[in-house]
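Small disclaimer: the values here were computed from a predicted structure and weren't measured. Numbers restart at 1 for each chain; the letters A, B, ... are given by sequence-line order, proteins then strands. Side chains are part of it too, since the values below use all heavy atoms of this structure and drop only hydrogens, waters and symmetry mates.
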Amino acid sequence: MSTAYTDPILHWYGANARDLPWRAPDATPWGVLVSEFMLQQTPVARVLPVWHRWMERWPTPASLAAEPSGEAVRAWGRLGYPRRALRLHGSAAAIVERHGGRVPSSHDDLLALPGIGAYTAAAVASFAFRRRHAVLDTNVRRVLARLCSGVEYPPRSQTRAEVRLAESLLPLDPPTAARWSVAVMELGALVCTARTPRCVDCPVTGQCAWQRAGRPAYDGPPRRGQTYAGTDRQCRGRLLAVLRDAEGPVEKGALDVVWADAVQRERALDALIADGLVDPLDDGRYALPA
DNA sequence: TATGCGTGGGC
DNA sequence: TGCCCAAGCAT
């Protein structure tokens with residue numbers, strides 16, 4: 001439905017939207033899908049160059065599916081969470097097998113692809129196909145928490161109330177709903193940011209419940225910080241970087257030198273193999289998966 | 001439902 | 001400087 005927020009936010013988006021390639025008129029559904037995979041937990045600035053190279057090399061799902069998954073992992077570079085590369089490759093293969101090489105437009109079909117959850121299915125259906133779905137990402141959750149609920153941050157995990165709220169705000173006309181969703185996301189990314197919101201630039205500051213309450217500080221449970229140094233995650237990253245940067249298979253010794261703790265190193269390597277990110281060869285060497 | 005999963009930039 | 005955060009997903 002239409003609310004007091006709708007027009008100001010849509011208007012603000014028209015004047016302030018970033019010129020991102022996956023939003024261009026000639027962007028393909030595949031380009032949108034690739035961007036959504038890469039943007040999962042990764043900032044736009046770091047995605048941009050990788051996305052351009054990716055789309056040049058693999059302009060269609062079929063072109064990616066025709067190559068080994070290890071090539072996807074290599075091209076993923078340092079975006080982080082490389083299992084996403086594997087799942088994107090898997091999605092490309094499933095799109096070829098089940099959908100004739102064309103990215104499906106329905107939420108259900110998208111949700112059935114590997115690496116696609118509720119958010120990404122809604123985002124692709126909405127942004128690539130102009131379908132009407134509530135798109136609830138971290139930006140939207142934060143904007144709605146402040147605007148409608150008067151709190152600085154949304155709950156730790158997504159609630160049904162948040163989904164209902166997002167659905168209740170969705171314009172009835174599907175293309176307008178899609179534009180609304182991307183507009184709220186953009187507002188969260190550029191103005192209603194997590195750390196230091198720029199309320200002076202906000203088009204709905206006058207209607208914001210958090211603003212009207214005097215911007216009370218967050219008083220919920222501490223928001224979980226992620227430690228990294230010394231973790232299995234860091235170890236996995238080091239090991240995989242060796243394989244990414246190598247031309248072909250590497251000797252075990254090349255992996256051993258990047259992490260001192262042998263127990264942790266072996267555990268991480270086994271996990272990478274179990275995840276399908278590393279292929280142990282018969283000759284004792286290691287490679288990205290074929 | 002809580003946890004594990006990479007990486008780098010901003011404050 | 002460390003800490004927090006970034007268009008989540010799978011288990």
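- For A/R160, the CZ atom counts as loosely surrounded, since its 6.0 Å shell holds 12 or fewer non-hydrogen atoms of other residues, nucleotides or ligands.
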Evaluate salt bridge (Lys or Arg N to Asp or Glu O under 4.0 Å) for A/E266 paired with A/K252, printing each intermediate quantity in order. CA-CA 11 Å; A/E266 296 309 313; A/K252 180 68 161 49; 2.8 Å; yes
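- Nearest nucleotide to the side chain of A/R244, out of B/dT7, B/dC5, B/dA2: B/dT7.
- For the pair A/R18 CZ and C/dA6 P, the interatomic distance rounds to 12 Å; values are reported in whole Å.
- Residues A/V73, A/L86, A/L239, A/L240, A/V242, A/L243, A/V250, A/L255, A/V257, A/V258, A/L269, A/L272, A/I273, A/V278, A/Y286, A/L288 make up the rest of the hydrophobic cluster containing A/L277, defined by ILVMFWY side-chain heavy atoms closer than 4.5 Å, directly or through other members.
- Around atom CZ of A/R102, no more than 12 heavy atoms belonging to other residues, nucleotides or ligands sit under 6.0 Å away.
- A/D201 meets the salt bridge (Lys or Arg N to Asp or Glu O under 4.0 Å) test with A/R198; sequence neighbours excluded.
- Distance CG (A/L111) to P (C/dC9): 9 Å, rounded to an integer number of Å.
- Using a 4.0 Å cutoff on non-hydrogen atoms, the parts of residues 175-197 of chain A near DNA chain C are A/M185, A/A194, A/R195, ordered by number.
- Look at CG on A/L243: it is 15 Å from C1' on B/dG6, rounded to the nearest Å.
- A/D275 and A/R236 are joined by a salt bridge, as a carboxylate oxygen and a charged side-chain nitrogen come within less than 4.0 angstrom of each other.
- Sorted by first and then second residue, the salt bridge (Lys or Arg N to Asp or Glu O under 4.0 Å) pairs with a member in residues 276-290 of chain A read A/D283-A/R285; sequence neighbours excluded.
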List, one per line, each side-chain donor-acceptor pair under 3.5 Å for residues 3-13 of chain A, sequence neighbours excluded.
from	atom 1	to	atom 2	distance (Å)
A/T3	OG1	A/Y5	N	3.0
A/T3	OG1	A/T6	OG1	3.3
A/T6	OG1	A/T3	N	2.8
A/T6	OG1	A/T3	O	3.3

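- Put simply, CZ on A/R233 is 15 Å from P on C/dA6, counting in whole angstrom units.
- To the nearest angstrom, P of B/dG6 lies 17 Å from CZ of A/R74.
- Rounded to an integer number of Å, the gap from CG of A/L239 to P of B/dG6 is 11 Å.
- Distance check on atom P: B/dC11 versus C/dA7 gives 15 Å, rounded to whole Å.
- Within residues 119-148 of chain A, no residue places a heavy atom under 4.0 Å from DNA chain B.
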Cut-off 3.5 Å, no hydrogens considered: what does the side-chain donor-acceptor table look like for residues 47-57 of chain A, sequence neighbours left out?
from	atom 1	to	atom 2	distance (Å)
A/W51	NE1	A/G31	O	3.0
A/R57	NH2	A/E67	OE1	3.3
A/R57	NH2	A/E71	OE1	2.7

Verdict with supporting geometry, A/W210 and A/E152, side chain to side chain donor-acceptor pair (under 3.5 Å): CA-CA 7 Å; A/W210 184 54; A/E152 186 175 14; 5.1 Å; no
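- As rounded to whole Å, 12 Å separates atom C1' of B/dG6 from atom CH2 of A/W259.
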Side-chain donor-acceptor contacts of residues 114-124 of chain A below 3.5 Å, not counting sequence neighbours, with atom names and distances?
from	atom 1	to	atom 2	distance (Å)
A/Y119	OH	A/E36	OE1	2.8
A/T120	OG1	A/Q40	NE2	3.0

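- In terms of the salt bridge (Lys or Arg N to Asp or Glu O under 4.0 Å) criterion, residue partners of A/R265 (sequence neighbours excluded) are, by chain and number, A/D256.
- Each of A/R78 and A/T231 was matched to the nucleotide of DNA chain B holding its nearest heavy atom; the match closer to the 5' end belongs to A/T231.
- For A/E186 and A/N16, the side-chain atoms include no donor-acceptor pair closer than 3.5 Å.
- Atom pair A/Y218:OH and C/dC5:C1' shows a separation of 14 Å (rounding to whole Å applied).
- Using a 4.0 Å heavy-atom criterion, one finds that A/I116 contacts the sugar-phosphate atoms exclusively.
- When the C1' atom is used for both C/dG8 and B/dT1, the distance is 15 Å, rounded to whole Å.
- Here A/E162 pairs with A/R141 under the salt bridge (Lys or Arg N to Asp or Glu O under 4.0 Å) rule; sequence neighbours left out.
- Heavy-atom distances under 4.0 Å link DNA chain B to A/Q41, A/T42, A/R46 of residues 20-59 of chain A, given in residue order.
- Of the residues in residues 83-96 of chain A, A/R87 come within less than 4.0 Å of DNA chain C through at least one heavy atom, sorted by number.
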